[in-house]
Number of protein chains: 2
Amino acid sequence: MKIDPSNPADLSAQIAKAIRDAIVAGDLIVDERLPSEAELADQFEVSRPTVREALKRLAAQSLIRTQRGAFGGAFINRLSYPDAYGQQITTATLLLSMNDVRFDTACEARYALERACAPLSAQRRSADHLATMRAEIFRQQQPGLTDEAFCASDVAFHRALVDGAGNPVLSYQLAGAVEGMQPLMNMITFTARSREEIVGLHTAIADAIEAQDGEAARDGLTRLERYTIHLARSVMEERAKRGA
Amino acid sequence: MKIDPSNPADLSAQIAKAIRDAIVAGDLIVDERLPSEAELADQFEVSRPTVREALKRLAAQSLIRTQRGAFGGAFINRLSYPDAYGQQITTATLLLSMNDVRFDTACEARYALERACAPLSAQRRSADHLATMRAEIFRQQQPGLTDEAFCASDVAFHRALVDGAGNPVLSYQLAGAVEGMQPLMNMITFTARSREEIVGLHTAIADAIEAQDGEAARDGLTRLERYTIHLARSVMEERAKRGA
DNA sequence: CAATTTTCATTTGTCAGACATTTAAAAGTC
DNA sequence: GACTTTTAAATGTCTGACAAATGAAAATTG
């Protein structure tokens, strides 16, 4: 674990990289304690603030956790699924919002990925996930619901569908695709007619999952994708017309 | 953008969160300049090192970039696809290596996601991506290849397949699934016979993509998944026998 | 002797002030 | 007017210090 002292700028980035590489390579194992900040400062021949900045970089990625007090210090953190979900969602949200990704592109990616889950979800459907899907469909039929709440319920429905596949790695990957799109979905205003349509498609998907018919579930998702894109287009056109 | 000074620990984390939330909410837009470290220190009523630690946390997530000199400072960074790829791969790799995920689980997720790309890739296949796939297949047939090089070529083949879908959001999502599995794949020793088998399946997939037959490409991936899991099982059993 | 309390060393979290380095705008020069 | 020099502002780093937390060891007490 060495750094290049020839470049006296970016020292904290170099130190962070050295430690991160050691973690990724498996040289530092979970729950192992790093040397204290003072010791690291000696090893890398830098000051303690520089070491601290490096450690904060690693903490931001949930690679380490710190504990104060005697026998405290920085410990290699086991990257948990919730932590990974969170990072995934933040990154996906920012990627979509900062790169003016077309709605169609994001939508295509999301539904392609969800279709990947459908057969597994149909095969392994649990009563729990099915109940969640039905409950969210019920919620979506309530008249007083705001557009935001409708979108949030939509996300919950799709999360249940994805989690139903019973594969945590898949759930982790999909978290970004589904939740990262929420801000884009929130831009759509849902009429009573369109909500009815979406609830119908959701019901078809839930029915297919319940019947363990993966192919039908995929079809339902495809129809939902097509309708979502259609809906977004009309909203955009409407907005363009008003703007002009 | 406020912090809770009642808890005098975690100040840098609180500041980082405040700024991050402002970015995600869109209050701070791309390429906008943050106040200088000294000004931030005044605003939040903390010292400059504390502000710096907060900024380093954000830099670790590629949310800001810093520039020295007059009229330099911290700028809101546009999260680029390469940056997002990198974070995605690091996170996925660590998630798999630190949570003793079963090979089958990771494999299932990866191939399910790749199957999601197959129809799009078949539909939009470009000469470029097809050429890359063929080139990697050719490389995989070279006799002197190490197992690591074979795995790397395998990843390159699948990346070309995924990128062929022409959807950057999809490519971003798949980066973690495909590259994050490489360490697990590297644990497999490939015999001449198994390489031959894999090259055959890769060729079938490439042929399907070239023929724009999405269904056949999906089938090829399913067979490849089945064979990969079969291969991993035999390697594990072999290893267990030797260990005992 | 056992249980409890106190002390204490260690480590992180924060602060203040300072200097070095970089950088682009502003001032000066030909 | 084009080029060079100066200068101010900002980040990057260092030193030294103190506060707060924390677990272990020592002291105290029943």
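All heavy atoms count here, side chains included; hydrogens, waters and symmetry mates do not. In what follows, chains carry the letters A, B, and so on, assigned in the order in which the sequence lines appear, proteins first and then strands, with residues in each chain numbered from 1. Bear in mind that the values here come from a model prediction, so they are computed numbers and not experimental data.
- Screening residues 164-173 of chain B for salt bridge (Lys or Arg N to Asp or Glu O under 4.0 Å), with sequence neighbours left out, gives no hits.
- Among residues at least two apart or in separate chains, salt bridge (Lys or Arg N to Asp or Glu O under 4.0 Å) pairs with a member in residues 161-179 of chain A are Arg159(A)-Asp163(A), Arg159(A)-Glu179(A).
- Between the CD atom of Glu45(B) and the C1' atom of dT14(C) there is a distance of 15 Å, given to the nearest Å.
- To the nearest angstrom, C1' of dT10(C) lies 11 Å from CD of Glu39(A).
- Nucleotide dC14(D) holds its C1' atom 15 Å from the CD atom of Glu37(A), rounded to whole Å.
- Under the salt bridge (Lys or Arg N to Asp or Glu O under 4.0 Å) criterion, the residue pairs touching residues 95-106 of chain A are Arg102(A)-Asp104(A), Asp104(A)-Arg233(A), with sequence neighbours excluded.
- Protein atom CZ of Arg33(B) is 13 Å distant from nucleotide atom P of dA24(C), rounded to whole Å.
- Between the C1' atom of dT14(C) and the CG atom of Leu40(B) lies a distance of 17 Å, rounded to the nearest Å.
- Near DNA chain D, meaning a heavy atom under 4.0 Å away, the residues from residues 55-67 of chain A are Gln67(A).
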Look for any protein N or O under 3.5 Å of an N or O in nucleotides 16-21 of chain D and output each such pair with its distance, or none.
from: dA17(D); atom 1: N6; to: Arg48(A); atom 2: NH2; distance (Å): 3.3

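- Closest contact between the side chain of Leu11(A) and the listed nucleotides dT11(C), dA10(D), dC14(D) involves dC14(D).
- In this structure, Thr105(A) has no side-chain hydrogen bond (donor to acceptor under 3.5 Å, both in side chains) partners at least two apart in sequence or on a different chain.
- For Phe157(A), the ring pair (Phe, Tyr, Trp, His ring centres under 6.0 Å) partners at least two apart in sequence or on another chain are His202(A).
- The phosphate of dC15(C) has OP1 or OP2 within less than 4.0 Å of a side-chain N or O from Thr50(B).
- Between Phe71(A) atom CZ and dA9(C) atom P the separation is 13 Å, expressed in whole Å.
- Between the CZ atom of Phe75(B) and the CG atom of Leu34(B) there is a distance of 9.0 Å, given to the nearest 0.5 Å.
- Judged as a ring pair (Phe, Tyr, Trp, His ring centres under 6.0 Å), and not counting sequence neighbours, Tyr85(A) has no contacts.
- Identified under the side chain to side chain donor-acceptor pair (under 3.5 Å) test for residues 19-31 of chain A, with sequence neighbours left out: Lys17(A)-Asp21(A), Arg20(A)-Gln61(A), Asp31(A)-Arg65(A).
- When rounded to the nearest whole Å, the span between CZ of Arg52(A) and P of dG12(D) equals 17 Å.
- Here the side chain of Ser121(B) pairs a donor or acceptor atom with the backbone of Leu161(B) at under 3.5 angstrom.
- Phosphate contact (OP1/OP2 of dG13(C), side-chain N/O of Ser12(B), threshold under 4.0 Å): absent.
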